[in-house]
2 protein chains.
Amino acid sequence: MTLTSSAPKRENTDDRRRAIASAARQLIAEKGFEGLRTRDIAARVGINVATLHYHVPTKEALIGLVAGAMREDFRAQSLVRPRAHLSPSERLEHEFYDFQEMFYEQRDTLAVMSELMERARRDEVIHTAMRPILLKWHQMVAAIFVDGVADGSFRADLDPEAASSMFIGALVGFGRGPDTSPQYFERLCAELRRAVRVQTPTRN
Amino acid sequence: MTLTSSAPKRENTDDRRRAIASAARQLIAEKGFEGLRTRDIAARVGINVATLHYHVPTKEALIGLVAGAMREDFRAQSLVRPRAHLSPSERLEHEFYDFQEMFYEQRDTLAVMSELMERARRDEVIHTAMRPILLKWHQMVAAIFVDGVADGSFRADLDPEAASSMFIGALVGFGRGPDTSPQYFERLCAELRRAVRVQTPTRN
DNA sequence: TCGTCAATCAATCACTTGATTGATAGATCG
DNA sequence: CGATCTATCAATCAAGTGATTGATTGACGA
C-alpha cells in the first residue's frame, strides 16, 4: 500500500523556511505588509502557527527572511546574465526586456519589491537588505551609459549616474502610472532611447 | 477667575474632521499605514476615541478622509499657480522647483502620498481619490511638452505623454534613490533638461 | 427654566494577532 | 529496545484594536 498519500509530512528546517518565505511573499503581494498575518502564512504552508514560530521565531525575522530571499533571487538572476560582451545599446535593450518580463510575468515580485521599498523607510533591517539591490541596478545601468558615451552610442553630455536614476525612475514609475499597457511601455522605452541617444540634428 | 485656561473645548464637526485628518496625516507620515491607530489619532487631536468615532464613523472613512483632504490640497495648490503665460522651459523649471520644495520642505506630504499610492493598489476608495491627482500632474507636464515641441524649445520627436511619464517617474524615483542630496537633484534636473531639449548637434 | 441636541468621555465589548506552552509522533543512534 | 532530538499541533495567553454603550456637559431656542 502506498504510504504516500496524506501522510503527515515532516520537513527539515531549510525546506520549511523556504516554503514559509515563499508563502509570505505571495501573501505580501496579495494583501501588502499591512495584511500579512502569521496565521495566514502557516495556513498556506499547511502547518500550525506554532510550527511556523518554531522555524522562524518572530515576525521580524520572517520579514527579514523574505527580504533576504528577495535579495538572493536578484543576485542569482544577475549572475545568470553575462552581458559584458554586448554593445551598450544592446545591453540597454536587455534592461527594457528584463523589466517588461518582470512586470508582466512576475508581477508578484515587483509588488513585493514595492512594498519592501516602502517599508524600508522605517525598517532598518529591510533597508539594509534592499539597498544593495537598488544600488546594483543603478550601477549596472550607469555602466551601460558610461560605455555608451565612450563609444559614441549615447550623447556626449550624458551624465551616466543621473541618467541611470532617470531611467530606473521612469521604469518603476511606469508601474504606477495611468497606462500600464505593453503599447504604452513601448512608447516609454522609445522615449528613453531618444533621451539618451545621439540626436540626428534637426537639419532644416 | 479665568475660565479660559484648559476649558474643555467643544468644536463643530467640520473643524474636528479637519483636525482629525491632519493628525492622521502626520501619523501616517511617521509610522505608515501599518502603524496607524485610531487611539493615536484621537490622542494627538486631544479627544477621546469615542469622540473620534462620533465624527468619523469607521477607520475606512478616516482613510478616505485623509485621501480626500490630500486631493483637495493638491487641487487648491494647482489653482494658485497660473502659468499658462510662461514659456514651456520656464514652466518645466517650475515643475522642478515645486517638486524640490515639496521634497525638502513638505516631506510629510510626499511620504503620505507614497503610502497612499501604495495602498491604492488594493483599496478602491484610495485609488479613486489618488488617480485624479496623478492624472492631473501627467496632463500638466504633457501639456508643457506639447507646447515646447510646438514652439521648438524641445525635440521635435518628443512624445509628450511618454516624456511626461519619464519626467514624473524620474522625480518620484529620486526620492527612493540612493542619493537624495540637493546636489544630486540638480544633476537629475540637468539630465532631464538635456533629455528633452533640442540638441546642439555634436559638431566635430 | 426646561427640553433638545451636538459633542464629549470612561468603560467596555468582541475580536484579532503574535507568541508561548505542554504534549505527542517520528526519526536516529547506541 | 530505550534515550534523545526534531518537527509538529491543540490550546491558550497577553496585548492590543476598532468600535459601541450609556452617561455627562454645555449651548441654544421656546
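By convention in this document, chain letters (A, B, ...) are assigned in the order of the sequence lines, proteins followed by strands, and residues within each chain are numbered from 1.
No salt bridge links B/D14 with B/R17; every basic N to acidic carboxylate O contact stays at or beyond 4.0 Å. Using a 4.0 Å cut-off between charged side-chain N and carboxylate O, B/D147 and B/R91 make a salt bridge.
In terms of phosphate contacts, B/T51 brings a side-chain nitrogen or oxygen within less than 4.0 Å of OP1 or OP2 of C/dC9. Phosphate proximity of D/dT8 to A/R16: present, with a side-chain N or O under 4.0 Å from OP1 or OP2.
Atom CD1 of B/I63 and atom C1' of D/dA19 are 15 Å apart (whole Å). We find that CD1 of B/I41 is positioned 13 Å from P of D/dT17, with the value rounded to whole Å. Here the C1' atom of nucleotide D/dA7 and the CZ atom of A/R17 are 15 Å apart, to the nearest Å. Distance CG (B/D15) to P (C/dA6): 17 Å, rounded to an integer number of Å. Rounded to an integer number of Å, the gap from OH of B/Y54 to C1' of C/dA10 is 18 Å.
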Protein heavy-atom contacts under 4.0 Å, written 5' to 3' over nucleotides 14-20 of chain C as B (base), S (sugar-phosphate only) or - (none), form the string ---BBBB

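Take A/Y104 and apply the side chain to side chain contact (heavy atoms under 4.5 Å, CB included) test, not counting sequence neighbours, and it matches A/Q100, A/R107, A/F174, A/P182, A/F185.
Of the candidate nucleotides D/dC9, D/dA7, C/dA7, D/dC9 has the atom nearest to the side chain of A/I47.
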Applying salt bridge (charged side-chain N to carboxylate O under 4.0 Å, His left out) to A/R193 and A/E186, what does each step give before you reach the verdict?
CA-CA 10 Å; A/R193 287 185 201 103; A/E186 184 43 49; 3.2 Å; yes

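Relative orientation of the B/F167 and B/F145 rings is perpendicular, given thresholds of 30° and 60° on the angle between their planes.
A distance-only check finds no donor-acceptor pair linking the side chain of B/K136 to the backbone of B/R75 [under 3.5 Å].
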